[in-house]
Amino acid sequence: MFRLVSSSTRPCLRRFRLRSVSSVSSDASQRQVPCRRNTASFFSASSCTQQCRVPITVRSVRAHQEHKRQDARHFSSDADDIPTPTISAAQLQDTLLHLAPSISHHLATYGYYTTTNFLQSSSVSILRSQAITLRKQGRYEQSYSEKLEGHTIRRFDKRGVYACEPDGRDYYTAPDLITYIATLLRTLPEALNGESFTKEMDLSPSSFNAKLAVSTAGGSRYPCHIDNPVGNDGGDVRKLTCILYLNPGWVEGEGGEIRLFVKEDDGGHVERKDAVKKVDLSPVGGRLLLFWSDEIPHEVLTTKSSVLSPQTIQESEHDLSESTYSESDRYALTVWIPTENRGVLHDERSKFVDLKDLVQFG
Ligand SMILES: O=C(O)CCC(=O)C(=O)O
Ligand SMILES: [Fe+2]
């Protein structure tokens, strides 16, 4: 008997640490820069004290040179080389603050929130092209799930799915992706903690992990799972899953939908224990989807081989730019936000608590 433990690589919740910043500035003079070596301090270059301590041997000299080469790729002392993101952090922040009351209400009532208009298609195309550049740099690896077989956790590759965990070193390649992640983290936890429906969740802006995943066309799928099935017992404090889809030309109804299993009764009045509703959402570019990481079962349906509108395909034939590379692939950027209040994870009092029992995993 298999039990799905986690759909993704075990999270490293210390991957990024954000300095507490109350406002977001897109002004280049105020911009915070990635640390040279320590990805954990992306927003605090001055706090990196780690030195390169590779012992001197012939092999290590090569390793050292490679290290320096990699470093140079990610860091330049010339401030002019720091890329300026195209998307406006201030505008993103405004949008999130504007949506916060509705997000809070929907999360509390339905367990999820979604909007297809979170970003303009031009911004989605920029984010996608940076995701593709990271892929061309070899930053993605085979994505896998872990299942508990007896007492052993076994790893299963997800066919056709590749993932990377963007971090501070990726700023030079993907300034907009990193700006989006940072702005989401700076804004959303605090905004939802200020709303009465989600106040108790005590979401934390201080640490998190992010995943950029690409499902290649023609068959890849994710089985039904919960992102954080073990919760505090396993040291996993992820509470809110935030997915941004980066597929500008996606055609609705052509596969690749995420299927959420939510309560049939969404008004919170009469709740039948066995009432589960399936909600299928296409990964259309600019869709933001949020749901409780420890409660909402979901799966990703098979991606069909061609999911782009004829217009997009036609355009891509004449445009060999980065933004149309691998145009049939399904890109999703997920940020998991943890809670400071471990008691809310797998809370027996939650109205969604029985969803995981009602859905067959694996
Ligand atoms: O890409 C999606 O729609 C969802 C991916 C997912 O469920 C996961 O990474 O855990
Ligand atoms: Fe998931």
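Computation of the quantities below employed the complete heavy-atom set of this structure, encompassing side-chain atoms and omitting hydrogens, waters and symmetry-equivalent molecules. Note that ligands are numbered from 1 as they come in the structure, with each ligand's atoms numbered from 1 the same way. Residue numbers count from 1 along this sequence.
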field: Atoms in ligand 1 flagged as close to A332, the criterion being non-hydrogen separation under 4.0 Å
entry: 1 (O)

- prompt: Between NE2 of H225 and NE2 of H298, what angle is found at the Fe ion (ligand 2), rounded to 10 degrees?
  reply: 90°

message: I need the atoms of ligand 1 closer than 4.0 Å to a non-hydrogen atom of K211, numbered in the order shown.
response: 8 (C), 9 (O)

- prompt: Looking at D227, which of its N, O or S atoms is the nearest one to the Fe ion (ligand 2)?
  reply: OD1

task: Could you list the atoms of ligand 1 found under 4.0 angstrom from a heavy atom of V300?
output: 2 (C), 3 (O), 4 (C)

Per-atom contacts, ligand 1 versus I243 - under 4.0 Å to a heavy atom: 4 (C)

task: For atom 2 (C) of ligand 1, state which one of Y222, Y245, Y331 supplies the nearest heavy atom.
output: Y245

message: Heavy atoms only, cut-off 4.0 Å: how does L289 contact ligand 1, side chain, backbone, both, or neither?
response: neither

- request: Could you tell me whether T334 and ligand 1 have an N or O pair separated by under 3.5 Å?
  value: no

query: Does the side chain of L333 reach to within under 4.5 Å of the side chain of I181, using non-hydrogen atoms?
result: yes

- request: Please indicate whether Q120 has more than 12 foreign heavy atoms, meaning atoms of other residues, nucleotides or ligands, lying under 6.0 Å from its CD.
  value: no

message: I'd like to know if the side chain of D157 pairs up with that of Q142 as donor and acceptor (distance under 3.5 Å, no hydrogens or angles considered).
response: no

- request: List the steps and the verdict of salt bridge (Lys or Arg N to Asp or Glu O under 4.0 Å) for D227 and R238.
  value: CA-CA 8 Å; D227 286 350; R238 291 177 296 169; 5.6 Å; no

- prompt: Under a 4.0 Å heavy-atom limit, does E299 contact ligand 1 with its side chain, its backbone, both, or neither?
  reply: neither

Nearest heavy-atom neighbours spanning A100 and A191: CB-CB, 3.8 Å

- prompt: Of the non-hydrogen atoms in V124 and L246, which two are nearest, and what is the gap between them?
  reply: CG1-CA, 3.7 Å

query: Does Q91 CD have over 12 foreign heavy atoms under 6.0 Å away?
result: no

message: Could you check whether S204 and E340, counting side-chain N and O atoms only, form a donor-acceptor pair closer than 3.5 Å?
response: yes

message: When you compare ligand 1 with D227, is there at least one nitrogen or oxygen pair between them that comes in under 3.5 angstrom?
response: yes

